[in-house]
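Below is one structure, written out as structure tokens; the observations come after it.
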Amino acid sequence: MGKVVAVKSNITLMYEKGAYMHIVFSELPLSEMDYEPPFLEIYKAILLQGLHGVGVGISGSGIRNDKSELCELPLIDLGRLSLNHVEREECMREISGAARTWGFFQVVNHGVSQELLQNLRYEQMEVFRTPFANKSQECFLNLPARSYRWGNPSATNLRQISWSEAFHIFLPDIAGMDQHQNLRSTIEAFASVVAPLAERLVQILAQELNIKFSYFQENCSANTSFLRLNRYPPCPFNSTVFGLLPHTDSSILTIVNQDQIGGLQLMKDGKWVGIKPNPQALVVNIGDLLQALSNGIYKSAKHRVMGAEKVERFSVAYFFNPSKETVIESEMMPPMYRKFTFGEYRVQIEKDVKEIGDKVGLSRFLL
Ligand SMILES: C=C1C[C@]23C[C@@]1(O)CC[C@H]2[C@@]12CC[C@H](O)[C@@](C)(C(=O)O1)[C@H]2[C@@H]3C(=O)O
Ligand SMILES: O=C(O)CCC(=O)C(=O)O
Ligand SMILES: [Fe+2]
């Protein structure tokens with residue numbers, strides 16, 4: 001009999017002759033772990049097939065890059081925006097520079113209080129502790145279908161597995177959350193401070209490229225944006241499967257609050273680099289739509305999340321989006337992308353995720 005390498009809720013995984021050989025389902029009740037999505041069950045075939053011949057850990061898997069340095073992501077003090085002209089201009093240049101070279105930066109003195117972030121984290125943890133049987137029901141929280149997402153139902157191989165769950169919430173939909181007043185009011189409070197922050201950053205980014213800010217004022221607000229509550233459960237295969245697949249965001253701009261576990265990495269100059277959690281900072285990244293509107297000057301950088309083996313990880317992402325009808329078209333010449341609406345873009349992504357297991361993104365719209 002091989003070596004038992006992972007015992008997770010009611011499942012035992014055996015490692016034998018250089019490969020994972022068996023997943024044994026025991027009769028144990030799920031008891032207090034009833035909130036965990038059944039990742040091992042849905043991914044069983046892919047795991048057995050994909051891990052066969054792949055040694056434990058980094059070698060062979062090709063995914064985890066534990067040796068990757070944590071990067072010195074630009075850290076921008078937004079407090080300078082309310083100081084004198086020189087400080088303000090310098091801060092604006094840093095924001096625009098980071099958006100061009102990294103597509104990612106961190107901000108401090110951002111105006112979102114630690115108390116609010118903690119309250120949101122508390123509510124987020126509570127809602128994920130709901131039994132899986134309940135949170136996966138279509139009417140849970142009175143949100144539309146597909147607001148709760150887990151794993152990647154279209155995955156056909158190890159590289160497409162996502163070991164995470166999320167509430168992907170269109171902000172106007174929280175009005176229906178009458179049974180969950182604390183979650184609802186905390187999200188409302190968060191949206192009311194993070195939306196102006198997103199607008200201010202977009203205003204600066206637009207100004208630095210002579211893009212009309214009125215375009216964003218007319219088409220984007222908290223009422224056209226999404227909030228994504230992410231949870232990455234402990235993952236026994238964290239050296240081989242992703243917490244969240246490499247992707248770019250489909251937003252104008254995204255603001256992320258990650259916890260202290262780490263695992264968010266971005267692609268910089270062809271290498272994956274980790275973003276060291278900074279409790280004072282929010283992570284900001286450029287989304288596909290701003291890349292298109294800036295004709296490729298601002299970068300929607302690829303990023304991914306590596307889960308941890310023994311601990312869960314949480315993050316919140318605020319996707320600053322336009323309405324579905326908004327036309328995305330750069331005025332810069334020659335245009336890199338054909339014009340499209342945000343609605344069209346989302347439909348294409350959903351189609352790709354369903355048909356090929358992953359997002360293709362902006363390259364579909366290249367001219
Ligand atoms: C399997 C996937 C779901 C996802 C697209 C992806 O290929 C990988 C990342 C996921 C993500 C994260 C950011 C956005 O929330 C999202 C809508 C996107 O564009 O990429 C989601 C996609 C999703 O949840 O459907
Ligand atoms: O969990 C994170 O740190 C990032 C999540 C993310 O990339 C997303 O929700 O799009
Ligand atoms: Fe993302």
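Excluded from the calculations below are hydrogen atoms, water molecules and symmetry mates; all remaining heavy atoms, backbone and side chain alike, are included. Each ligand, and each atom within it, is numbered from 1 in the order the structure gives.
Between E165 and K135 there is a salt bridge, since at least one side-chain N of the basic residue sits less than 4.0 Å from a carboxylate O of the acidic one.
Listed by number with element, the atoms of ligand 1 under 4.0 angstrom from any heavy atom of D249 are 13 (C). Listed by number with element, the atoms of ligand 1 under 4.0 angstrom from any heavy atom of F319 are 13 (C), 14 (C), 15 (O).
The nearest heavy-atom contact from the protein to atom 11 (C) of ligand 1 is H247 CD2, 4.2 Å. Of the protein's heavy atoms, D358 OD1, 4.0 Å lies nearest to atom 6 (C) of ligand 1. Closest protein heavy atom to atom 19 (O) of ligand 1: S250 OG, 2.8 Å. Ranking the protein heavy atoms by distance from atom 4 (C) of ligand 1 puts V353 CG2, 4.8 Å first.
For atom 13 (C) of ligand 1, a protein non-hydrogen atom is found at a distance below 4.0 Å.
Side-chain contact annotation: T254 with D249, donor-acceptor N/O pair under 3.5 Å present.
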Between ligand 2 and the protein, which N/O pairs are shorter than 3.5 Å?
residue	atom	partner	partner atom	Å
ligand 2	1 (O)	Y232	OH	2.7
ligand 2	1 (O)	R313	NH1	2.9
ligand 2	1 (O)	S315	OG	2.6
ligand 2	3 (O)	R313	NH1	3.4
ligand 2	3 (O)	R313	NH2	2.8
ligand 2	7 (O)	H247	NE2	3.3
ligand 2	7 (O)	H303	NE2	3.1
ligand 2	9 (O)	N230	ND2	3.0
ligand 2	10 (O)	H247	NE2	3.1
ligand 2	10 (O)	D249	OD1	3.2

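When each of V256, L73, V284 is checked for a side-chain contact (heavy atoms from CB on, under 4.5 Å) with Q106, only L73 meets the rule.
Only the side chain of R228 comes within contact range of ligand 1, with a heavy atom under 4.0 Å; no backbone atom does.
Under the side chain to side chain donor-acceptor pair (under 3.5 Å) criterion, S96 pairs with R100, Y298, sequence neighbours left out. Under the side chain to side chain donor-acceptor pair (under 3.5 Å) criterion, E325 pairs with S323, sequence neighbours left out. Not counting sequence neighbours, Q217 has no partner by the side chain to side chain donor-acceptor pair (under 3.5 Å) test.
You'll find the ring centres of F226 and F320 outside the 6.0 Å limit.
Distances between N or O atoms of R149 and those of ligand 1 include at least one value under 3.5 Å.
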